[in-house]
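As structure tokens, the structure follows; a few thoughts come after it.
Each chain gets a letter, A, B and so on, in the order its sequence line appears, and its residues count up from 1.
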Protein chains: 2
Amino acid sequence: MDIKQNIFVAVDAVVFGYSSAQGLSVLLIKRKNEPCKGCWALPGGFVRNGESLEDAIYRELHEETAVKINYLEQLYSFGLPTRDPRAQVVSVTYFALVRPDAFEIKANTDAQEAQWFALNNIKKLAFDHHDILEVALKRLRGKLQYEPIGFELLDKKFPFSELENLYSSVLNRPLDRRNFKKKIMKYGLLDQTDEVQKHQGSGRPGKLYSFNEKKYFELKQRGILFEI
Amino acid sequence: MDIKQNIFVAVDAVVFGYSSAQGLSVLLIKRKNEPCKGCWALPGGFVRNGESLEDAIYRELHEETAVKINYLEQLYSFGLPTRDPRAQVVSVTYFALVRPDAFEIKANTDAQEAQWFALNNIKKLAFDHHDILEVALKRLRGKLQYEPIGFELLDKKFPFSELENLYSSVLNRPLDRRNFKKKIMKYGLLDQTDEVQKHQGSGRPGKLYSFNEKKYFELKQRGILFEI
DNA sequence: CCAAAAGTGTTGGTAGTACACCCATGA
DNA sequence: TCATGGGTGTACTACCAACACTTTTGG
């Protein structure tokens with residue numbers, strides 16, 4: 001190739017996790033290199049030669065956070081020449097969801113630390129990572145309403161109230177328990193198990209449900225998508 | 001920067017146009033350089049140093065097609081190391097719509113020719129441009145149903161049947177004229193003008209409507225989006 | 001027995017769908 | 001006057017939103 005391009009390609013991910021105690025949380029790493037050494041930032045890094053974008057983000061997530069990713073999709077590409085002070089860096093960003101049991105993390109190569117932050121407790125972030133987070137949140141809110149993506153943030157088996165709390169907290173509005181259940185159950189995507197919730201403090205324990213992926217793919221095939 | 005990255009960044013655009021005669025069409029250019037010299041391809045090219053992604057795609061579209069773009073949004077980024085035989089090229093792709101009067105084009109720098117192709121008449125395309133087109137079509141179909149994006153493909157003033165044909169042909173299903181009109185009019189986004197269609201062959205001329213952007217932004221502000 | 005959370009049905013309003021005839025124009 | 005496409009209303013159905021009391025458990 002006879003062109004002289006001084007542009008680098010990076011990948012970054014917005015990884016969301018959820019628990020009813022903490023609400024929606026984002027996984028951040030503390031940068032151990034300049035620029036912005038010590039700042040919190042989205043996990044990510046430069047793509048290696050010969051590596052696909054997806055491979056790159058999986059590798060970086062593994063190196064930096066060792067968190068088990070449950071859902072991943074591309075989010076948006078950011079390319080303002082000024083977004084990184086070192087050089088022009090185009091960042092292809094990803095949107096990821098993890099299950100509650102992934103709230104255990106360990107820090108590695110590129111980061112001195114990786115840590116979950118509740119959404120309403122986010123510090124200043126490095127580079128334009130705040131903008132990226134904003135776009136990711138918008139995507140999450142949007143998708144939650146027309147694809148059954150919420151299940152990817154919950155355990156394989158969960159009480160119904162957990163799903164309702166997730167929706168209510170991410171969408172930032174109260175939901176009517178009865179109507180919400182009717183809407184969800186209408187699609188036949190949830191199987192009721194014979195188990196109930198254990199030790200949740202006080203109150204009646206809820207029955208546990210599981211997401212039926214097979215029925216989901218059937219519905220998707222027929223082009224019928226779900227809507228809250 | 002102390003990393004050695006041999007990855008290039010390009011931008012490509014899927015530009016859609018529509019006329020009731022031709023249906024949905026895509027703007028392609030004939031490549032005048034290797035690889036794949038002479039093949040049809042999406043307009044696009046390499047990002048220049050210090051240039052943003054958006055600037056790059058506008059520049060390329062101007063250089064290669066001189067078509068007036070009416071709507072532009074980022075689509076997806078493609079980065080498989082094998083997608084370009086010369087080198088690893090990450091392509092950030094865009095999705096664009098033009099009005100019918102832009103069906104006049106002129107070829108320039110990078111292309112010997114730029115030309116509109118009806119969707120059902122697309123040849124083999126260079127690189128992975130078929131995949132890109134696929135993604136763009138999916139995005140168009142999706143957006144058409146929950147954002148009033150169809151107007152961006154029509155003249156400022158258009159007869160109602162034009163809008164209906166657009167929807168019907170892009171979504172690939174028949175629509176009931178009366179119900180479709182009710183649904184659209186419900187949002188109050190269309191103003192009826194006092195003009196009627198001219199010389200459209202035979203039959204009664206239709207009244208012309210125009211899209212009311214002001215009301216659209218009001219609705220959007222209130223978070224109410226439109227649904228077909 | 002008290003507090004806390006889970007479970008459950010009915011009703012009224014609204015929006016969606018199905019459907020057919022008349023009107024204005026050009027040839 | 002005929003062919004072509006534009007314009008319009010109603011009735012039925014299905015979905016949505018609003019709403020409150022009972023049940024199960026732990027303390």
Earlier contact from the 5' end, DNA chain D, for A:Gly203 and B:Glu162: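 The residue whose closest nucleotide sits nearer the 5' end is B:Glu162.
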First encountered from the 5' end of DNA chain D, between B:Pro159 and B:Lys182: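 Closest to the 5' end, via its nearest nucleotide, is B:Pro159.
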Quiz item: A:Arg204 side-chain donor-acceptor pair to C:dA3 base, under 3.5 Å: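 Not at all, since no donor on one side and acceptor on the other fall under 3.5 Å apart.
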Interatomic distance where [atom1] belongs to [X] and [atom2] belongs to [N] [whole Å]:
| X | N | atom1 | atom2 | result |
| --- | --- | --- | --- | --- |
| A:Arg173 | D:dA18 | CZ | P | 11 Å |
| B:Lys198 | C:dA24 | NZ | P | 16 Å |
| A:Asp176 | C:dA6 | CG | P | 14 Å |
| B:Asn165 | D:dG6 | CG | P | 7 Å |
| A:Leu208 | C:dA6 | CG | C1' | 12 Å |
| A:Gln197 | C:dA5 | CD | C1' | 9 Å |
| A:Phe226 | D:dC15 | CZ | C1' | 16 Å |
| A:Arg177 | C:dT8 | CZ | C1' | 9 Å |

[options]: which one has an atom nearest the side-chain heavy atoms of [X]?
| X | options | value |
| --- | --- | --- |
| B:Asn179 | D:dG9, C:dT25, C:dG7 | D:dG9 |
| A:Arg178 | D:dT25, D:dA20, C:dT17 | D:dA20 |
| A:Ser202 | C:dT25, C:dG9, C:dA4 | C:dA4 |

Distance below 4.0 Å between A:Lys183 side-chain N/O and D:dA17 OP1 or OP2: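 So the side-chain polar atoms of A:Lys183 do come within 4.0 Å of the phosphate oxygens OP1 or OP2 of D:dA17, strictly under.
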Distance test, side-chain N/O of B:Lys207 to OP1/OP2 of D:dG5, below 4.0 Å: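 For B:Lys207, the contact criterion (side-chain N or O under 4.0 Å from OP1 or OP2 of D:dG5) is not met.
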Is the distance between the ring centroids of [X] and [Y] less than 6.0 Å?
| X | Y | answer |
| --- | --- | --- |
| A:Phe226 | A:Tyr146 | no |
| B:Tyr209 | B:Phe158 | no |
| B:Phe16 | B:Tyr18 | no |

Sugar-phosphate only, base, or nothing, as touched by A:Lys186 at under 4.0 Å among non-hydrogen atoms: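 Contact class for A:Lys186: sugar-phosphate only.
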Sugar-phosphate, base or nothing in reach of A:Lys181, heavy atoms under 4.0 Å: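 Here A:Lys181 touches the backbone only, sparing every base.
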Sidechain N-carboxylate O distance under 4.0 Å for A:Arg99, A:Asp155: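 Looking at A:Asp155 together with A:Arg99, the answer is no, because their closest N to O distance does not fall below 4.0 Å.
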Pi-cation contact, A:Phe211 with A:Lys156 (under 6.0 Å, within 45°):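 Geometry flag: not set, cation outside 6.0 Å or 45°.
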Of B:Tyr187 and A:Phe160, the one whose closest DNA chain C nucleotide lies more 5':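 The answer here is A:Phe160.
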